[in-house]
Amino acid sequence: MRWSQTLVPTLKEVPADAEVPSHRLMLRAGLVRQVMAGAYTYLPLGWRAVRKAAEIVREEMEAAGAAELHFPAMSPIELWERSGRREAFGNVLLNFAFPRGDRKVHVALGPTHEEPITDLIKQSIASYKQLPLTLFQIQTKFRNEERPRFGVLRTSEFLMKDAYSFGTDIEQLNASYDAMYAAYCRIFERCGIPYLAVEAESGPIGGDASHEFMIPAENGEDSVVHCEASGYAANLERAETGRTAPQIVVPDDVPPMDAVATPGVSTIEAVCAALGVQPEQTLKTLLYTADAGTDEERTVAVVVRGDHDANEGKIRRAIGAATLSMADEATVRRVTGAPVGFAGPVGLEGVTLLADHDAVTVQPSVVGANSADAHRTNVCCGRDWTVETTHDLRDARAGDPDPKGGGPMKVVRGIEVGHVFKLGTKYSDALGAEYLGEDQKRRSVVMGCYGIGINRIVAGAIETSHDDRGIIWPKAIAPYQCHIIPLDIKDEEVMSLAQRFHDELEAAGVDCLLDDRKERPGVKFADADLIGLPTRITIGKRGLTEGVVEVKRRTDADPEKIAPDAAVARVRELLA
RNA sequence: CGGGAUGUAGCUCAGCCUGGUAGAGCGCUACGUUCGGGACGUAGAGGCCGCAAGUUCGAAUCUUGUCAUCCCGACCA
């Protein structure tokens, strides 16, 4: 491809709205342009990279035994009502009605495609003999992001590969899941991006097992707890800590507990300022309502150290509740006799009281007094309040012991590029996708679902691979693999050699961008570094008089001078 | 949805406080000189100063409203 025949609007200056490196570079290198918040146009170079990533995904999906199909972006809102996800997605689900004849058609734009595909399976699968089956598609998805950000990393419209597996039982599900997991590893390896497979909560979609594939990156939106020694990796919501229940020891030199007036002081920060203590010397008591609206509804008080964050998933599992939410203000008043901000474990009644492992080692501690505008000091667990045992109830932190015993864990940021999880029968139950088993019984199909954000592969690659001059593309997803720069486009020998390199490389399957603009060398070199194609051939009059052209990788500091006849072979070697 | 900031040429920004007919650099066009890491000169093109209402003889500038974009937080199958 000649530069003059495509559109590569590179930018010398950084657009003011771009903050993260991938966003700035994608704009500067002419890969994308913003249309509105959360929606981007992919220009020729950016789109080529997306297509290359998508093709790798497609190949590996097919190699793993999945068949591609394609859904419309729109589907009837009823489908989403039947599964209960119109409600669950809320404003995230883009949906609208439009007139058709004398009636209204109400559609949703797919944020993912569990509903349409389950409906399809309901219609097409009748027997266990047709299972297992894995289908996938690469499609534009729509989600009304409340806050789009980080350029192309978080948008309201994005390209996603989603695959769904259907099986008769858990064994078939597990086999499909493992095959997808392995395919994902191959995909990210082929794309040349670093990744981490981390244990994850399966979230509102349900299911009982889930992994996220993350690109470690400073600007990632998610936190990953990781131990290199043991290989343990989990996202923050999920990460266990290797802590165990400590012995509760009451120090014998602590004076009796005392009440202090703390008018209007309702946050840990304010308590510390008012009483001159550190957050880790305080305890916070959080009130939750478990299983709201059921017979099992109850109030739960959770005590964690002042500087720690409670983890709702862990609390929910500790008490075996199906749902858990922060208690409302009325409940807090009823239980503690005080407004929000003054709860404490001392004398708290009528609630299930839970404490995190670290909470009982704060001796003495500062806690809320369960009365307005007051706190207690010199509080000791085992003396002034007590629990039978303690649990792991808080978010993991850097330095926490690894549950696999590997040693202190680190917390790193990551960009989620892929997610695999076992759905079970949530959607097949809701939408009636059943098969007839060998035993003559009808059962719901057991499903798994597996997503990859294609745009995120591209943005994530740039986020993790660039320098101060521009992008450094991994070979597999670079828009072109070789950048050919004729320095003097009016010189016939230079130009015909450039064209020859282009044609020979293309014939050999190496795609090339030939910079045929009438620009000064400095401009061409700077743009070449910005765009960051893996290899570059420079052809100049000066070199030709010495009988050489220059070949270099984007990552090389200096070019190598070689005979023109050897250039094509050299480039192919460098790309191999 | 809460908090903060910003909208002036294709891009980065000045001008606004103190109202008087719109500026710079980069980019773009033409010509000349240059020509191996973002050249120089000369001459040009390019602006409902986000939008609306108001105050005023007069608004980029003051007031009110509104829209958009970015950042932090909440949210995020």
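Below, chain A is the first sequence line, B the second, and so on; all start at residue 1.
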Would you say A:R147 reaches B:C72's phosphate, i.e. side-chain N/O to OP1/OP2 under 4.0 Å?
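Yes, within the criterion.
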Tell which nucleotide pairs with [N], taking only Watson-Crick or G-U wobble pairs whose two distances are both under 3.5 angstrom.
N	result
B:G44	B:C28
B:G65	B:C51
B:G73	B:C1
B:A39	B:U33
B:G20	B:C57

Going by an N to O cut-off under 4.0 Å, is there a salt bridge joining A:R85 and A:E114?
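Judged by the 4.0 Å cut-off on N to carboxylate O distance, A:R85 and A:E114 do form a salt bridge.
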For the pair made of [atom1] in [X] and [atom2] in [N], what is the distance, rounded to whole Å?
X	N	atom1	atom2	value
A:E146	B:G3	CD	C1'	16 Å
A:I531	B:G38	CD1	C1'	13 Å
A:K518	B:C28	NZ	C1'	14 Å
A:R536	B:G37	CZ	P	11 Å
A:E19	B:U69	CD	C1'	13 Å
A:D17	B:G4	CG	P	20 Å
A:F525	B:C35	CZ	P	15 Å
A:E519	B:C26	CD	P	15 Å

I need the single residue from A:R520, A:R536, A:K12, A:R517 that forms a salt bridge (Lys or Arg N to Asp or Glu O under 4.0 Å) with A:D527. Which is it?
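In the set A:R520, A:R536, A:K12, A:R517, the residue that makes a salt bridge (Lys or Arg N to Asp or Glu O under 4.0 Å) with A:D527 is A:R517.
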Is the closest side-chain heavy-atom distance between [X] and [Y] below 4.5 Å?
X	Y	result
A:K284	A:D309	yes
A:I531	A:I471	no
A:R456	A:L153	yes

With rounding to whole Å, what would you report as the distance between [N] and [M] at their [atom1] atoms?
N	M	atom1	answer
B:G46	B:U29	P	15 Å
B:U34	B:A39	C1'	7 Å
B:G32	B:G25	C1'	23 Å
B:U66	B:A24	C1'	31 Å
B:A53	B:C67	C1'	14 Å
B:C16	B:U61	P	12 Å
B:U8	B:C49	P	11 Å
B:G23	B:U18	P	23 Å

Among [options], which nucleotide sits nearest the side chain of [X]?
X	options	result
A:R469	B:G37, B:C11, B:C71	B:G37
A:Q34	B:U69, B:C75, B:C11	B:U69
A:R520	B:A39, B:A74, B:U12	B:A39
A:K12	B:C72, B:C26, B:C70	B:C26

Report yes if the distance between the aromatic ring centroids of A:H23 and A:Y40 is under 6.0 Å, otherwise no.
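Yes, the ring centres sit under 6.0 Å apart.
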Taking any heavy-atom pair under 4.0 Å as a contact, classify [X]: base, sugar-phosphate, or nothing.
X	result
A:E145	nothing
A:V523	base
A:N91	nothing

Along RNA chain B (nearest heavy atom to each residue), the more 5'-positioned of A:G451 and A:K561:
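That would be A:K561.
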Mapping A:A18 and A:P15 onto RNA chain B by nearest heavy atom, which one lands closer to the 5' end?
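Nearer the 5' end of the strand: A:P15.
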Derivation and outcome, side-chain contact (heavy atoms from CB on, under 4.5 Å), residues A:C512 and A:F501
CA-CA 9 Å; A:C512 301; A:F501 290 153; over 6 Å; no
Tell me whether the side-chain N or O atoms of A:D488 pair up with the base of B:G36 as donor and acceptor below 3.5 Å, since no angle test is needed here.
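Checked by distance alone, the answer is no.
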